[in-house]
Every structure is written in C-alpha cells, then in structure tokens.
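Only one structure is covered here, and it is reproduced in the block below.
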Protein chains: 2
Amino acid sequence: MLRIGELATKTGLTAHTIRFYEKSGLINASQRSESGYRYYTDTDVRQAEFVKTARKIGFSVDDVSTLLSIRVDKSNHTCQDVTEITQRKLNDVNEKISELLLMQQTLKILLNSCCGGPESATHCSIMEALDASNALKPRIVAE
Amino acid sequence: MLRIGELATKTGLTAHTIRFYEKSGLINASQRSESGYRYYTDTDVRQAEFVKTARKIGFSVDDVSTLLSIRVDKSNHTCQDVTEITQRKLNDVNEKISELLLMQQTLKILLNSCCGGPESATHCSIMEALDASNALKPRIVAE
DNA sequence: TATAAACTTAGAGTTAACTCTAAGGTCAAG
DNA sequence: CTTGACCTTAGAGTTAACTCTAAGTTTATA
C-alpha cells in the first residue's frame, strides 16, 4: 500500500496532480486511513500508470475517463469503441500538425527572405511581408 | 474613417476582438467621436491587417506587440531583432510538431494493432498497449 | 418620432490541465 | 515530546486569447 507521495514518485505524477485526477474521476485510492490518508493498492498503481500512459500519448482527461470506463468493463465494449476514440484523437493530431506545418513553412520563408543582420529594419523583408498581408500564401519552399 | 464594425468586416476580426486588441495595445482608433465611437483611419486599418496577418502566422499577441513596436520605429531596430522573434517562433513550432508527430506515430501503431470491429474489448490490443505502458516506445512504423 | 442596428463600458466567463496556497493534522525518528 | 517530512481540504490562481453579458447610448432610417 502506497501513500500519495510514493505513488507520485512511482508514476512521475505529482501528488497535486493525483488529487486533481481523483476529482476528475481518473484515479481513486482504494483505502483511506482513519486520519484520511490515501492508500493505493497495486491495482490503483496500475490504473494510475494507465492514466499516465494515455495522457502522455495525448488523450485528454475526458478521453482517459472514457477509456477507463471501457477498461473496467471490457466485455461490454467493443474494439470499435476503442478505435473510435483513438481515431478521433489521431484526426485532431493530424489537423494540428497541418496547421503547424503551414506556420512552419511561412516562418521559414520569412526567415529565408531576411538577412538577419545588424542592418536597420527599414527595409526588412519580414516586416514588409507582414505588411503586404500575402505572407500567408506560401508557395514552393526555396529550400 | 471606419467604425469598429466596418473594421471588423474588413479585417475578419470581430469588434470584440478589436477591443481586446486595443486593451492589449495592438490596435488603436486614431479618433473618437464626441460620443465615444471609435473611428479608424487607413493607417489604423493597415495596422489591424498587420496584426491579423501576424496572428494568423502564429505569432502570439505578445510577439505582435513587439513586432509593432519595431514597425513604428524601424530605423532604430535591426533585421536581427526581427529574425530573432521569427526564429524563436519557428523553434516553438518545430518543437510542437515533433511532439505531435510522436503522438501521431503512437496513435497509428495503436490503430494498426487493433481490429476495430464489433468484437468485445476483452482482448483489445489498444487497451493492452495502454496497460503495458511501453506504448510510448514507437519503433519503425509498420506503414 | 420611433425603431433597430450599431456602438459604449467594465467586468465576468470560457477552456484545459494543472498548480499553488493556507491552515492545519499525522507520523516516524531521535 | 519535539522536529520535520508528509498528509489533509477547499478553493483560488495560472495561461492564452478570446468571448460574452448587461445596461445603457448613439445614429441612421422610415
């Protein structure tokens, strides 16, 4: 039986975060001492590790909550239930990546266009591009 | 001279956002009517468009604030000043992309490992992977 | 003149996931 | 029996960038 600090050490979460996850319904201490201390069993530890893993992959706290409800009652859920959550997450991630790649491309073009030296910014091509407001139409990257 | 609603239409911002940007020091109305209505000149419009462009590229409100302070006093700033901000932003973006690519790869592996069908989740390999907690070590992607 | 659209302000609410604080109780070691 | 590490709670604060509300004023149009 571990106390919250030990669980924290073991999982790499903080005690604060574990209590926050408890409020969010993700992690529960199977036992409490008379004085109120949380005590975690091996089963609790495994659940906490599941949470940590799922969060690290990028699932939201809400997603993890859903995944846990499947986990405790696997026979009443299907692989489809699980892949749906995973696929939705992958779609989110793909979309964010697309946005960021666009930003990346634009930023690279801006950087390529500017000397970056100690010259006055009076004719800085980055500033000019931001003013021209077609800075958002990146074409072929001059790699 | 445009009123705030017209500037909003012109820039694709909302009037709310324009007022928020005013509080943040990004956009100012050159004039106010006696009753307090904001009136925007062509110069103001150009600045608002600059802000919109910079925000769309991914610069934070804080970054835009800095870029604007360079913009109004170009001769006292250098190309280096501008590229530094841009490079920092690119670094941020690159880092986020890396994180997301890792997530993407993990999620793809998970999806590949699971049938996704109407079978019971009792032996779902996604659930097993999350439990195994080495789900975070993606190797070569089985594309 | 009446109405509706547009404007004003200060300030609160939203989102996600923590993160921290205050004020106090518990426990093991010396 | 004291010290210090660890624990408890409720609740507030953080971050970024909006987004919205309420209550009232102004302006243009019919």
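Chain naming here is simple, since letters A, B, ... match the order of the sequence lines and numbering starts at 1 in each.
Over its full length, the helix from dT1(C)-dA30(D) to dG30(C)-dC1(D) turns its helical axis through 20°, comparing axes from the five pairs at each end and rounding to 10°.
Every side chain to side chain contact (heavy atoms under 4.5 Å, CB included) that E99(A) has, sequence neighbours left out, goes to E95(A). Residues passing the side chain to side chain donor-acceptor pair (under 3.5 Å) test with S125(B), sequence neighbours excluded: S113(B). S65(A) is linked by a side chain to side chain donor-acceptor pair (under 3.5 Å) to nothing, counting only residues two or more places apart in sequence or in another chain. Every residue two or more places apart in sequence or in another chain that forms a side chain to side chain contact (heavy atoms under 4.5 Å, CB included) with L111(B) is listed here: T83(A), T86(A), Q87(A), L90(A). D63(A) pairs by the side chain to side chain contact (heavy atoms under 4.5 Å, CB included) definition with F59(A), S60(A), I85(A), R88(A), K89(A), not counting sequence neighbours. Qualifying side chain to side chain donor-acceptor pair (under 3.5 Å) partners for D62(A), counting only residues two or more places apart in sequence or in other chains: none.
In this model, no donor atom of one side chain and acceptor atom of the other lie less than 3.5 Å apart for N91(B) and N94(B). E22(B) and N28(B) are not linked by any side-chain donor-acceptor pair at a separation below 3.5 angstrom, with hydrogens and angles left out of the test. Of the N and O atoms on the side chains of T14(B) and T17(B), at least one donor lies less than 3.5 Å from an acceptor on the other residue.
Sorted by residue number, the members of residues 27-43 of chain A with any non-hydrogen atom under 4.0 Å from DNA chain D read R32(A), G36(A), Y37(A), R38(A). Only H16(B), T17(B), F20(B), Y21(B), listed by number, bring a heavy atom of residues 7-23 of chain B to less than 4.0 angstrom from any atom of DNA chain D.
Atom pair R3(A):CZ and dG25(C):P shows a separation of 18 Å (rounding to whole Å applied).
Grouped with Y37(A) in one hydrophobic cluster are M1(A), Y39(A), the linkage being side-chain heavy-atom contacts under 4.5 Å among Ile, Leu, Val, Met, Phe, Trp and Tyr residues.
Interface limits on DNA chain D: the 5'-most and 3'-most nucleotides within less than 4.0 Å of chain B heavy atoms are dA17(D) to dT27(D).
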What side-chain donor-acceptor pairs closer than 3.5 Å can you find for residues 2-11 of chain A, not counting sequence neighbours?
unit_1: E6(A); atom_1: OE1; unit_2: R3(A); atom_2: N; d: 2.7
unit_1: T9(A); atom_1: OG1; unit_2: G5(A); atom_2: O; d: 3.0
unit_1: T11(A); atom_1: OG1; unit_2: L7(A); atom_2: O; d: 2.8
unit_1: T11(A); atom_1: OG1; unit_2: A8(A); atom_2: O; d: 3.4
unit_1: T11(A); atom_1: OG1; unit_2: L13(A); atom_2: N; d: 3.2

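Here CG of L68(A) is found 12.5 Å from CG of D73(A). Values are rounded to the nearest 0.5 Å.
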